[in-house]
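As structure tokens, the structure follows; a few thoughts come after it.
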Protein chains: 2
Amino acid sequence: MYLRAISFLRRQGQDYVSSRDLADQLHLKSPQIRKDFSYFGAFGVKGIGYRVDTLIGRIREILKLSGTQKAALIGAGRLGKALALYPGFGLYGFEIVEIFDVSPKKIGKKIGNTKIQSIKHLGNLEKRGIRLAILAVPAEAAQETAERLVEGGVRGILNMAPCYITVPKRVRVQTIDIAMELGILPYYV
Amino acid sequence: MYLRAISFLRRQGQDYVSSRDLADQLHLKSPQIRKDFSYFGAFGVKGIGYRVDTLIGRIREILKLSGTQKAALIGAGRLGKALALYPGFGLYGFEIVEIFDVSPKKIGKKIGNTKIQSIKHLGNLEKRGIRLAILAVPAEAAQETAERLVEGGVRGILNMAPCYITVPKRVRVQTIDIAMELGILPYYV
DNA sequence: CAGTGCTTGTGTTCACATTCACAAGCACCA
DNA sequence: TGGTGCTTGTGAATGTGAACACAAGCACTG
């Protein structure tokens, strides 16, 4: 969250930012931000604020986002296609290098510059330098596909299906349930 | 989250569920679940568990998800199209009844059964019974579009753009930043 | 109908994150 | 060079949510 906000400031040409400014923008209190940044290792300047470049570098370092991260996309449906061509991954240095699907009709076709492969070729992702996967398959297929990803050596899964998936402890899953997020809104409205 | 998990159990024909079973499935501790359900108003049966139908009804009631909720979709790009046809909204009773876009090339065309309208016709959403909007426009346009939605009487916005948007207090925003969720993974991997 | 096994509901404890408050420090200015 | 204004970094106070432990209660069995 900080990385996104501060990258935005850099694009606007800002060199320094104070905890107060960031707090206002992110709807947080300023001591919260100073505490967090102090955990990162202190590098603010009293009277001035934090240097934007330093912050971005440090946060990327902590999140292990330095350099480019290769990712695989599983599922070339409507959502998968949208994700394959989504420009927002660039900010974090992600690149979708392989796309998989079950449907014979889709296999062999291209999305952007990437050819859709059969899901049978999921093995050995690790040896191809891929540790992350985006799972954009129907909920019914999510668990099974996740297991094949784990076999293939994937260490992190971004699950777009509206269900929990169970994986070994060494694998991290982050689930985005779009409908659920929408479902939160009526309560407050 | 509970609603999703318990709806799944109902589809499987399960009548009762214990806090322990739910805890295992959701990777939570059982007292957590009992505490939450007790806040909803106690209706479990000792020795048996909670009645699935009762739970679903009560949670839907609390979240104000009873009946059907109309929603507007703004942005008919790749992501917008995927969302318009996304089947997952049904579980929560959502229905996307109107779609808007700026591009003259898209206006007039249909996604599914819904015609794409010009973004100029955003006003009066409230009078058409629409209180929720899904914002699937580029980050640069998100703030401006959100303001027009608020003018149109929208009370809740699901923001798919990777940025914060500022709205009056009476309006609730829920942001999904897909790339950011992916950005969390390398830290743990 | 007493005993057993399982489950709820909740008072208490515990851990942790947020917020407050303030000393310390930098920059700018007269 | 001393004064002013702003900002950081952090110990202490506060608030909050999760975990524990256990009494109470239901169902089934012999």
>> Tell me every residue that passes side-chain hydrogen bond (donor to acceptor under 3.5 Å, both in side chains) with B/R51, counting only those two or more places apart in sequence or in another chain.
In response: none
> With sequence neighbours excluded, what pairs up with A/F100 under the ring pair (Phe, Tyr, Trp, His ring centres under 6.0 Å) test?
Replying inline: none
>> For chain B and DNA chain C, what are the first and last nucleotides along the strand, 5' to 3', with at least one atom under 4.0 angstrom from a heavy atom of the protein chain?
In response: C/dC6 to C/dT12
>> Ring centres under 6.0 Å, that's the criterion: do A/F37 and A/Y50 meet it?
In response: yes
>> Nearest 0.5 angstrom please: A/K35 NZ to A/S30 OG, how far?
In response: 11.5 Å
What N/O pairs connect the protein and nucleotides 3-5 of chain D at under 3.5 Å? Give each pair on its own line.
none

> A/P31 or A/V45: which one's nearest nucleotide on DNA chain C is closer to the 5' end?
Replying inline: A/P31
> Okay, side chain of B/Q143, backbone of B/T166: is any donor-acceptor separation there less than 3.5 Å?
Replying inline: yes
Atom pairs under 3.5 Å: protein N/O with N/O of nucleotides 11-17 of chain D:
residue: D/dG11; atom: O6; partner: A/K35; partner atom: NZ; Å: 3.1
residue: D/dA12; atom: N6; partner: A/K35; partner atom: NZ; Å: 3.4

>> Can you see if the side chain of B/Y50 gets near the phosphate of D/dC26 - specifically, an N or O under 4.0 Å from OP1 or OP2?
In response: no
> For the residue pair A/A23 and A/K29, what are the closest heavy atoms and their distance?
Replying inline: CB-C, 3.8 Å
>> Rounded to whole Å, how long is the line connecting atom CZ of B/R20 with atom C1' of D/dA19?
In response: 14 Å
> What integer distance in Å separates A/Y39:OH from D/dG9:P?
Replying inline: 13 Å
>> Taking the basic N atoms (NZ, or NE/NH1/NH2) and the acidic carboxylate oxygens, is any pair closer than 4.0 Å for A/E98 and A/R128?
In response: yes
> What residues, two or more places apart in sequence or in another chain, satisfy ring pair (Phe, Tyr, Trp, His ring centres under 6.0 Å) together with A/Y164?
Replying inline: none
> Just checking A/F37: base, sugar-phosphate only, or nothing, at a heavy-atom cut-off of under 4.0 Å?
Replying inline: nothing
>> Rounded to the nearest 0.5 Å, what separates atom CG in B/L3 from atom CG in B/L55?
In response: 10.0 Å
>> Can you confirm if the NZ or CZ of A/R58 lies within 45° of the ring axis of A/F40 and under 6.0 Å from the centre of its six-membered ring?
In response: no
> Whole-Å distance between D/dC22 P and B/K46 NZ?
Replying inline: 16 Å
> Which part of the nucleic acid, if any, lies within contact of A/S30, taking any heavy atom under 4.0 Å across all strands shown: a base, the sugar-phosphate backbone alone, or nothing?
Replying inline: nothing
> Linking I/L/V/M/F/W/Y whenever their side-chain heavy atoms sit closer than 4.5 Å, directly or via other members, would B/I107 and B/I99 fall into one cluster?
Replying inline: no
